[in-house]
Every structure is written in structure tokens, then in C-alpha cells.
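Before any comments, here is the structure.
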Amino acid sequence: MTNNYPIGLFDSGIGGTSIWNAIHHLLPNESTIYLADSKNAPYGQKTKAEIIALSYKNVEILLEQKCKLIVVACNTATTNAIKELREIYNVPFIGIEPAIKPAALNSKTQTIGILATKGTLNSALFNQTLDKYPTIKIVEQVGHGLVQLIENGAINSPEMNHLLHTYLQPMIDANIDYLVLGCSHYPYLIPQIRAILPPSIQIIDSGEAVARQTQFVLESNVGFTDAKISQHTFITNSDPKVLKDVLKNEYEVVERDF
Ligand code: DGL
């Protein structure tokens with residue numbers, strides 16, 4: 001089965017490009033369309049109803065472009081809206097959720113840390129996942145302010161460093177051995193986080209797992225492209241500079257109101 005339509009991805013901003021990187025690495029021939037809804041970032045502070053409405057809007061645009069599959073490259077949108085999206089639209093959706101399972105199954109201290117948005121940590125879907133690991137101590141932390149700083153291009157700022165120290169020290173004190181990054185923006189902070197955490201603490205994000213799941217769904221019921229060259233469209237509704245920077249200026253970024 002061959003299908004040459006693109007894979008669509010959306011996020012509240014530039015963070016989902018960490019997922020895009022993993023997908024592009026695993027499936028280099030697949031074309032993609034990436035929507036950065038930076039104008040409405042952060043999603044993490046919004047109500048469930050607002051997150052669902054924004055997700056519908058993004059999906060409509062990706063469907064206009066005939067995407068064959070949509071990756072919700074945002075934990076907050078996945079945990080608050082993927083059920084509603086699946087109820088309305090026929091296209092297959094792949095979501096991204098904090099990688100609690102590998103951390104919980106491998107933790108020796110039986111204590112793991114999770115850094116995510118308020119919207120993700122408060123969601124029913126996330127809490128159902130937590131309930132599966134009753135013996136694991138979970139140290140939750142809302143990453144207040146982190147997404148805004150990343151969206152403003154302040155990844156390497158003293159303010160970022162200060163916030164990360166404040167959020168991570170209680171986890172170090174609680175003896176976590178895994179830190180789960182529960183927001184697709186946070187992989188861009190791994191160098192700073194690594195510098196704060198002791199080397200014995202492992203950092204996990206969900207990029208590779210989402211890429212493998214995308215491959216599986218294409219293989220089982222959507223179809224791979226047979227094109228030899230892939231095309232990639234990045235669309236933002238805000239200043240394109242930060243998106244261009246995280247893409248290392250290797251791809252064109254289109255500015256459009258949506
Ligand atoms: N990248 C989004 C996530 O994975 C960020 C959420 C936000 O905009 O607050 O949750």
C-alpha cells in the first residue's frame with residue numbers, strides 16, 4: 001500500500017519539532033507539514049475546552065493539506081483533546097504522552113520525576129497512566145514559564161537556568177533516578193538539565209517512541225510514500241525566527257495567520 005500524502009504535525013509552538021526530528025530521522029522519505037501555533041502558546045495554562053478548540057482548528061488546516069496521518073506533537077493537546085479529535089475526524093491520530101512506563105519499569109529508587117505543563121499533569125489521561133504504577137513515587141513539577149522562554153528564544157538565558165534549578169532540586173533531593181520530560185518543548189533544554197542533574201539520573205523523552213508508533217501505523221493501515229525525495233513545510237502564526245533557529249535554518253518557514 002502506497003500513500004504519498006504528507007504526515008501532519010501540530011504543536012502549540014516550536015516544541016513539536018523535537019518530535020518532527022525523530023520522525024524525520026526514522027522515516028526520511030515521508031513528506032511533512034508542521035503547524036506551530038505559537039500565537040496561542042502556551043497551551044498548558046488553558047482550559048480543556050480551549051485546548052480542544054485550538055486542536056480542532058489546527059487539524060482542519062492539516063486536513064485541508066490532505067495529511068494522511070496527524071501527529072499531535074504536544075503532550076498538553078494529546079492529554080486534553082485526542083479523544084475528542086478521534087471522535088470527530090476519520091484520519092488516524094498519533095499522540096504524545098509523558099513516557100512514564102519505561103521510567104517506572106526501570107527505576108531502581110522507585111522514584112521518578114516528571115516535568116510537564118499544568119494542563120498535562122491535571123489531565124484525566126495522564127492520571128490514568130499514573131494509576132498503573134501505584135508503587136512508584138512520582139515527583140511532579142509544572143514547568144511554569146519554560147515554554148514561554150523557549151518560544152521567546154531564551155533557551156540559554158540565566159532566567160531559564162534559574163527556573164530549571166528551582167524545579168529540579170526537589171527531584172534530586174527526593175532521589176529520583178529518571179526524569180521524564182512531559183512536554184515536547186523540553187528536549188531543547190536537555191543540555192541545561194543535564195548540567196544540573198547528577199549523571200546517575202536518566203532523562204527520557206517521547207520522540208523515538210512516537211516515531212516508531214508513526215512507522216507502525218503507516219505500515220499497518222495508512223501506507224508509506226514511494227517518493228525518493230521528501231518535502232517539508234513549516235507554518236507558523238508568529239515571528240518565524242525562533243522556529244527557523246531550531247530548524248538550524250535548513251528549512252523554509254511560512255508565516256500565515258491561523
Ligand atoms: N509542547 C507542548 C506540550 O508538549 C507545550 C504546551 C504549552 O504550550 O504549554 O505540552
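Atoms within each ligand, like the ligands themselves, are counted from 1 in listed order. Note that these values count all heavy atoms, side chains included, but never hydrogens, waters or copies made by symmetry.
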Open item on the list: Run the side chain to side chain donor-acceptor pair (under 3.5 Å) test against Thr32 and tell me which residues pass, sequence neighbours left out.
Closed with: Trp20, His232

- [ ] Give, for atom CG of Leu218 and atom OG1 of Thr2, the distance between the pair rounded to the nearest 0.5 Å.
- [x] 11.5 Å

Could you list the donor-acceptor pairs under 3.5 angstrom formed between side-chain atoms of residues 198-206 and any protein atom two or more places apart in sequence or on another chain?
| residue | atom | partner | partner atom | Å |
| --- | --- | --- | --- | --- |
| Asp205 | OD1 | Gly207 | N | 3.0 |
| Ser206 | OG | Glu97 | O | 3.0 |

- [ ] Evaluate the side chain to side chain contact (heavy atoms under 4.5 Å, CB included) criterion for residues Thr109 and Tyr178: first the C-alpha distance (whole Å), next the side-chain angles of each, then the deciding distance (0.1 Å), finally the verdict.
- [x] CA-CA 9 Å; Thr109 62; Tyr178 280 86; over 6 Å; no

Task: Option passing side-chain contact (heavy atoms from CB on, under 4.5 Å) with Glu140 (candidates Thr120, Leu130, Ile112, Val180) - done: Leu130

Open item on the list: Tell me every residue that passes salt bridge (Lys or Arg N to Asp or Glu O under 4.0 Å) with Glu255, counting only those two or more places apart in sequence or in another chain.
Closed with: none

Task: Proximal protein residues to ligand 1, non-hydrogen atoms under 4.0 angstrom - done: Asp11, Ser12, Pro42, Tyr43, Gly44, Cys74, Asn75, Thr76, Thr117, Val147, Cys183, Ser184, His185

